[in-house]
Amino acid sequence: MKIRFWGVRGSIACPGPDTAMFGGNTACIELRFAATDRRLIIDSGTGIRPLGNYLVQNELPNGAINAEIFYTHTHWDHIIGFPFFKPIYIQDTKLKVYGPITFEEDTLEKIIGDLLRYRYFPVMHSELAADIKYFQIGECEMDLGDGIRLKTKYLNHPLLCLGYRFEFDGKVLCTAYDTEPFWNLLSTNETYSDDHPIADEISVEAAAEKNEKLLDFYRGADVLIHDAQYTEKEYFSSKIGWGHSFFEHAIASATEAEVKKVVLFHHDPSRTDNELLELEKKYQRAVRVQSPPEIIIAREGMELEL
């Protein structure tokens, strides 16, 4: 399994001299699998544009492009690059698009298709040359063929958001972004106010159970790509409930789940290269346990092979 990072930022693209080292494009990750021609793409943030350009220049001469996109969720920063993905304008491209079921009326096809309407973009979705099929999924296990298995898990984000666990040839990749720890799950439930005599007990127990299930989802992964948009200080000062994690939580989760390598991902758009370098050094020095996970901060263009 080969992993390439085409976009590593969260919230909004932020190109410029202060982000050139780690990159300014939003989330897009490419997976390739040995002895198959399968290409899986996780999210179509602005990073999918250079991926599409690469495919057209380097792989289209060898035949039609086939790919599968797996959306974690449909917030802007994870879908906005789709209209700029060149293969969708090329005849014979085949694209399967997967994404989480939501409780809204709009389907995944309509949400993505609405990006290509004249009020936003000069090309309509119906005018695309590619053969595109959409599939809505929830928490599930799927056999994707060619020895690739997929498990999904709902994360903690303001919109339903899926974590993905890809298993292939004895290797495991997990993704866990956009997400934060589960806290008081009843704080907005009208049945229980915060001062209800059983609210704290129930909410703490429910949150602990959800957090433990996420650890089981990551358990033993070779690579865990985890949200780390904030530092602990930033998170607890004003970011609880925003749906993003902090460095310390990502590393602690990877350690407890016995993950071999944790890739810290979804960088805050205001985080400069120098700040990320200092944070990487800080957390790599701070881990002093018997078998710590290797800690890496995601960079555009970075490749990992399992």
Side-chain angles (χ1 to χ4, degrees), residues 1-11 14 16-31 42 45 47 72 155 163-166 171-181 211 214-237 239-240 242-306:
M1 194 187 307
K2 294 183 179 181
I3 308 162
R4 182 175 175 121
F5 294 82
W6 292 91
V8 300
R9 291 280 168 176
S11 302
C14 52
D18 291 333
T19 60
M21 182 184 301
F22 285 87
N25 279 308
T26 60
C28 182
I29 302 169
E30 177 193 17
L31 309 183
I42 308 173
T72 57
L155 305 176
Y164 290 109
R165 181 182 175 104
F166 295 96
K171 301 295 184 179
V172 176
L173 164 69
C174 277
T175 67
Y177 66 88
D178 301 23
T179 193
E180 66 181 306
N211 288 324
L214 277 181
L215 291 177
D216 289 340
F217 182 68
Y218 313 149
R219 189 82 57 193
D222 294 276
V223 172
L224 169 63
I225 302 171
H226 199 291
D227 193 303
Q229 183 150 340
Y230 306 122
T231 64
E232 186 174 36
K233 181 179 180 181
E234 291 166 345
Y235 178 77
F236 284 106
S237 66
K239 308 300 185 185
I240 294 176
W242 287 32
H244 296 288
S245 290
F246 49 101
F247 288 84
E248 293 83 352
H249 172 68
I251 294 167
S253 297
T255 302
E256 189 168 351
E258 300 179 318
V259 169
K260 296 181 179 66
K261 183 178 298 183
V262 58
V263 181
L264 304 174
F265 185 78
H266 207 275
H267 311 320
D268 192 275
S270 63
R271 193 86 65 203
T272 67
D273 288 333
N274 287 337
E275 289 172 335
L276 285 170
L277 281 172
E278 287 303 311
L279 287 166
E280 186 171 51
K281 292 175 184 176
K282 172 185 175 180
Y283 293 114
Q284 287 175 344
R285 287 195 305 264
V287 176
R288 293 290 185 270
V289 295
Q290 186 174 0
S291 299
E294 181 183 353
I295 297 171
I296 300 174
I297 292 186
R299 293 164 168 79
E300 273 184 40
M302 184 174 76
E303 294 185 343
L304 302 174
E305 185 168 351
L306 307 185

Could you tell me whether the side chain of [X] and the main chain of [Y] form a donor-acceptor pair under 3.5 Å?
X	Y	value
Asp268	Tyr230	no
Asp178	His244	no
Asp222	Lys260	no
His267	Arg299	no
Glu256	Leu215	no
Thr19	Cys14	yes
Arg165	Arg219	yes

Less than 4.5 Å apart, any side-chain heavy atom of Gln229 and any of Pro269? yes

| query | With a 4.5 Å limit on heavy-atom distance, are the side chains of Leu277 and Met21 in contact? | reply | yes

Please give me the minimum heavy-atom distance between [X] and [Y], naming the atom from each residue.
X	Y	value
Leu173	Ile225	CD1-CD1, 3.7 Å
Gly163	Phe217	O-CZ, 3.5 Å
Glu180	Lys239	OE1-O, 4.3 Å
Tyr235	Pro181	OH-CD, 3.8 Å
Met302	Ile297	SD-O, 4.3 Å
Glu300	Gly24	OE2-N, 2.9 Å

- [ ] Please work out whether the ring planes of Phe5 and Phe265 are parallel, tilted or perpendicular, with thresholds of 30° and 60°.
- [x] tilted

- [ ] Mind telling me whether His266 and Tyr177 have parallel, tilted or perpendicular rings, with 30° and 60° as the class edges?
- [x] tilted

side-chain hydrogen bond (donor to acceptor under 3.5 Å, both in side chains) filter on Glu30, not counting sequence neighbours, yields Trp6, Arg39

Could you grab the distance from atom [atom1] of [X] to atom [atom2] of [Y], nearest 0.5 Å is fine?
X	Y	atom1	atom2	value
Tyr164	Leu31	OH	CG	11.5 Å
Arg285	Glu280	CZ	CD	11.0 Å
Asp18	Thr272	CG	OG1	6.0 Å
His226	Leu264	NE2	CG	9.0 Å
Asn211	Asp216	CG	CG	11.0 Å
Glu248	Phe236	CD	CZ	9.0 Å

Contacts satisfying salt bridge (charged side-chain N to carboxylate O under 4.0 Å, His left out) that involve residues 225-235 (not counting sequence neighbours) are Glu234-Arg271

By side chain to side chain contact (heavy atoms under 4.5 Å, CB included), Ala254 pairs with (sequence neighbours left out) Leu224, Val259, Val262, Pro293

Margin query: Walk me through whether Lys261 and Leu304 qualify under side chain to side chain contact (heavy atoms under 4.5 Å, CB included).
Written below: CA-CA 10 Å; Lys261 183 178 298 183; Leu304 302 174; 4.3 Å; yes

Tyr218 and Glu258: CA distance, side-chain angles, deciding distance, side-chain hydrogen bond (donor to acceptor under 3.5 Å, both in side chains) verdict = CA-CA 8 Å; Tyr218 313 149; Glu258 300 179 318; over 6 Å; no

